[in-house]
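Nothing here was measured: the structure is a model prediction, and the numbers come from that model.
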Amino acid sequence: MSALPTVTETRLRDAERSQAAILLAARDEFAGHGLAGARVDRIAERAQVNKRLIYYYFHSKDDLFLAVLEQAYADIRAAERELHLTDMPPAQAIRRLTEFTWEYYLAHPEFLTLLNSENLHQGRHVARSARAREMNSPLIDTLAQILERGRAEGIFRGGIDPVQLYVSIAGMAYFYLSNNHTLSAIFGRSLMTPKAQHERISHMCDVILGYVLKG
């Protein structure tokens with residue numbers, strides 16, 4: 001027969017649930033209104049908690065925004081780890097990372113809008129986050145290992161910077177999706193039809209693999 005939870009354990013679980021609800025509500029509020037337009041009152045209402053509890057856990061709206069950003073990075077990095085890229089042949093791993101990045105951005109438009117908001121504030125929140133840097137470093141290390149393995153096997157060219165490569169992968173997906181409304185208007189065709197989306201990811205994979213593979 002399992003022991004009943006202690007009062008301390010119950011309080012800890014309640015605190016974790018409250019913080020998770022606040023972060024989820026804050027993510028939606030910041031994604032919808034940006035940092036400047038977000039309101040703590042609305043976050044409290046969405047999370048169904050007292051506004052004072054938000055300040056108790058997160059101290060300020062800026063600190064809450066940073067916590068949301070950190071969670072957003074944690075989520076995408078966790079999803080990337082589930083790919084097990086180091087278990088794949090090098091070219092397959094690069095293709096899969098490229099496909100995954102596109103698919104994740106499509107499935108999580110709030111991630112892009114949070115990044116847009118943070119860039120409007122010149123990255124000042126993530127700049128003070130050691131956690132954000134620590135979470136992103138393993139991905140770059142993994143990519144470096146894949147690139148070195150491909151070079152050693154004679155299929156990748158040498159001298160590829162893993163940071164530059166990842167920025168190119170992310171940038172091709174990010175720019176297209178963040179600007180699809182203006183691009184569609186300018187070029188007079190929808191860039192978000194299933195056919196257009198398929199063409200985009202095929203193009204991204206061709207460009208990235210064309211860069212890393214030896215000619």
Heavy atoms, side chains only, cut-off 4.5 Å: are [X] and [Y] in contact?
X	Y	answer
T142	L97	no
F30	I43	yes
R124	D62	yes
E99	C205	yes
Y105	Y176	no
Q92	P89	yes
F175	L183	yes
F100	I76	yes

Taking every non-hydrogen atom, the tightest pair across [X] and [Y]:
X	Y	result
E70	S129	OE2-OG, 2.6 Å
A72	Y104	O-OH, 4.5 Å
R52	N50	N-OD1, 2.8 Å
L114	A31	CD2-N, 4.0 Å
I208	T98	CG2-OG1, 3.9 Å
S117	L35	OG-N, 3.2 Å

Presence of salt bridge, R77 and E80, under 4.0 angstrom: yes

Verify side-chain contact (heavy atoms from CB on, under 4.5 Å) between L23 and L64, making sure each step is shown before the conclusion. CA-CA 8 Å; L23 284 174; L64 177 57; 4.2 Å; yes

Report yes or no: do [X] and [Y] belong to one cluster of Ile/Leu/Val/Met/Phe/Trp/Tyr joined by side chain heavy-atom distances under 4.5 Å?
X	Y	value
L66	Y56	no
V68	L120	no
M88	L139	yes
F58	L24	no
Y57	L69	yes

Report yes or no: does [X] contribute a side-chain atom to a donor-acceptor pair with the main-chain N or O of [Y] at less than 3.5 Å?
X	Y	result
S184	H181	no
T182	N179	yes
N136	R133	no
R157	Y211	yes
Q197	M192	yes
E29	R39	yes
R200	M172	yes
K61	A38	yes

Rounded to the nearest 0.5 Å, how far apart are [atom1] of [X] and [atom2] of [Y]?
X	Y	atom1	atom2	value
I155	R149	CD1	CZ	8.5 Å
I94	F156	CD1	CZ	5.0 Å
R96	T101	CZ	OG1	9.0 Å
N180	S190	CG	OG	7.5 Å
H33	D28	NE2	CG	9.5 Å
L143	D161	CG	CG	9.5 Å

Looking at F111, I'd like to know if the NZ or CZ of R27 sits under 6.0 Å from its six-membered ring centre while staying within 45 degrees of the ring's axis. no

Test log, rule side-chain contact (heavy atoms from CB on, under 4.5 Å), inputs R151 and E148: CA-CA 5 Å; R151 187 204 62 79; E148 175 53 29; 2.7 Å; yes

So, D141 versus Q145: side-chain donor-acceptor pair below 3.5 Å or not? no

Distance-only polar pair, side chains of R131 and Y73, donor-acceptor under 3.5 Å: no

Anything under 30° is parallel, anything over 60° is perpendicular, the rest tilted; go ahead and classify H121 against H125. perpendicular

Check the pair D63, R128 against salt bridge (Lys or Arg N to Asp or Glu O under 4.0 Å), reporting the backbone distance first and the verdict last. CA-CA 11 Å; D63 286 345; R128 59 185 176 89; 2.9 Å; yes

Counting neighbours of CD on E45 that are heavy atoms of other residues, nucleotides or ligands and sit closer than 6.0 Å, is the number greater than 12? no

